[in-house]
Number of protein chains: 2
Amino acid sequence: MQEIAAISKALGEENRLRAVTALQGREMCVCQLTELLGLAPSTVSKHMAVLRAAGLVESWKEGRWVHYRLANRGAPPAVRQALAWAAKWLQGSPRARQDAARLKKILRLDKEELCRRQGRCRG
Amino acid sequence: MQEIAAISKALGEENRLRAVTALQGREMCVCQLTELLGLAPSTVSKHMAVLRAAGLVESWKEGRWVHYRLANRGAPPAVRQALAWAAKWLQGSPRARQDAARLKKILRLDKEELCRRQGRCRG
DNA sequence: GGTACAATTCGTCATGTGGCGAAGTATAAT
DNA sequence: ATTATACTTCGCCACATGACGAATTGTACC
């Protein structure tokens with residue numbers, strides 16, 4: 001029951017739902033998610049930690065970057081079904097559409113430029 | 001997206017999951033739920049209000065009693081599917097089993113006796 | 001080694017949430 | 001009308017959570 005509660009709780013927050021939706025069909029690093037969500041990196045990191053603790057996403061390091069993807073393959077059935085549920089009903093949501101448009105632009109930028117846009121590279 | 005978040009948030013709490021599980025296939029009044037969950041009536045009432053706001057349960061008055069049932073019929077598909085998901089994966093949970101056993105006994109008592117057991121009738 | 005930098009962790013704050021008991025509301029019984 | 005009672009609302013408290021910036025960590029590049 002705790003596992004089901006953890007999954008539900010993880011999905012019970014708008015910004016995390018936005019992240020999950022953005023990860024539909026692609027991998028993203030934290031800096032891309034940060035740009036999309038418009039939150040501080042530390043905040044995004046915490047959100048992703050919640051999603052990972054619930055088993056909804058998995059992450060791995062590649063150089064300095066940490067990539068996240070949905071835990072579709074090899075995840076418990078309850079998790080897969082929850083993700084499918086969220087994806088299905090968020091599809092038409094205005095917020096999801098809006099994010100999808102912004103995401104397109106973000107994915108076109110390379111990471112250096114992204115960083116510059118966030119104003120954290122001019123040390 | 002807010003609706004999906006509200007549904008998830010409502011299900012993201014153990015006692016509310018217990019209530020939803022108990023309502024599987026039956027209606028219950030608040031005093032029965034209170035006995036099952038072992039919480040104060042006011043707390044149970046608040047939990048049920050959250051579930052109702054998310055569209056997961058519906059309630060109606062019958063005399064002094066307020067009955068709750070799952071919002072299966074006529075509810076939005078996202079709600080029905082969420083309830084089905086929760087029911088499916090809570091089935092085997094130890095907590096759910098334990099509650100099911102206690103629930104059997106509670107349902108055998110009539111409401112007067114229930115009230116007496118809760119020690120709120122000896123004004 | 002030293003610097004740059006993506007990400008996380010830490011410290012802090014404001015707000016949200018779960019819990020209770022007391023007070024209030026609505027309905028039944030006397 | 002008065003009392004009893006099933007539930008909700010209100011007021012309060014302790015704790016959880018989302019947000020940020022600062023400090024820390026791990027990795028690449030001089």
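Predicted, not measured: the structure shown is a model, and the values here were computed from it. Throughout, protein chains are lettered first and strands after them, A, B, ... in sequence-line order, and every chain is numbered starting at 1.
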How many whole angstroms separate atom [atom1] of [X] from atom [atom2] of [N]?
| X | N | atom1 | atom2 | answer |
| --- | --- | --- | --- | --- |
| B:Leu33 | C:dG19 | CG | C1' | 17 Å |
| A:Arg64 | D:dT27 | CZ | P | 12 Å |
| B:Lys61 | D:dT5 | NZ | P | 16 Å |
| A:Trp60 | C:dA6 | CH2 | C1' | 15 Å |
| A:Asn15 | C:dT15 | CG | P | 17 Å |
| B:Glu13 | C:dT17 | CD | C1' | 9 Å |
| B:Leu37 | C:dG18 | CG | P | 13 Å |
| A:His67 | C:dA7 | NE2 | C1' | 12 Å |

Next on the checklist: Would B:Arg69 and B:Trp60 count as a cation-pi pair here, with the cationic atom under 6.0 angstrom from the ring centre and within 45° of the axis?
Outcome noted: yes
Checklist entry - Less than 4.5 Å apart, any side-chain heavy atom of B:His67 and any of B:Ser59? => result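 Answer no - side chains too far apart.
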Checklist entry - Considering only heavy atoms from C-beta outward, does the side chain of A:Trp85 approach that of B:Ile7 to under 4.5 Å? => result yes
Name the closest nucleotide to the [X] side chain, picking from [options].
| X | options | answer |
| --- | --- | --- |
| B:Arg16 | C:dG18, D:dA28, D:dC7 | C:dG18 |
| A:Tyr68 | C:dA6, C:dT27, C:dT8 | C:dT8 |
| A:Val66 | C:dT8, C:dG19, C:dG18 | C:dT8 |

Checklist entry - Where along residues 42-50 of chain B does a heavy atom come under 4.0 Å from DNA chain D, residue by residue in number order? => result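 Heavy-atom contacts with DNA chain D come from B:Ser42, B:Ser45.
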Checklist entry - Would one find more than 12 heavy atoms of other residues, nucleotides or ligands at under 6.0 Å from atom CZ of A:Arg97? => result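 Result for CZ/A:Arg97: open.
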Checklist outcome for this item: Per nearest nucleotide of DNA chain D, the residue lying toward the 5' end, A:Glu62 or A:Gly38, is A:Gly38
Item to check | side-chain contact (heavy atoms from CB on, under 4.5 Å), paired with B:Val57, selected from B:Leu70, B:Asn72, B:Val79, B:Val50 | outcome: B:Leu70
Next on the checklist: Between A:Arg80 (side chain only) and A:Arg73 (backbone N and O only), is there a donor and an acceptor less than 3.5 Å apart?
Outcome noted: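 Such a contact is absent between A:Arg80 side chain and A:Arg73 backbone.
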Just distance, no hydrogens or angles: give the donor-acceptor pairs under 3.5 Å from side chains in residues 10-19 of chain A, sequence neighbours left out.
| residue | atom | partner | partner atom | Å |
| --- | --- | --- | --- | --- |
| A:Glu13 | OE1 | A:Asn15 | N | 2.9 |
| A:Glu13 | OE1 | A:Arg16 | N | 3.1 |
| A:Asn15 | OD1 | A:Arg18 | NH1 | 3.2 |
| A:Arg16 | NE | A:Ala10 | O | 2.8 |
| A:Arg16 | NH1 | A:His47 | ND1 | 3.1 |
| A:Arg16 | NH2 | A:Lys9 | O | 3.4 |
| A:Arg18 | NE | A:Asp99 | OD2 | 2.7 |
| A:Arg18 | NH2 | A:Leu36 | O | 3.3 |
| A:Arg18 | NH2 | A:Asp99 | OD1 | 3.1 |

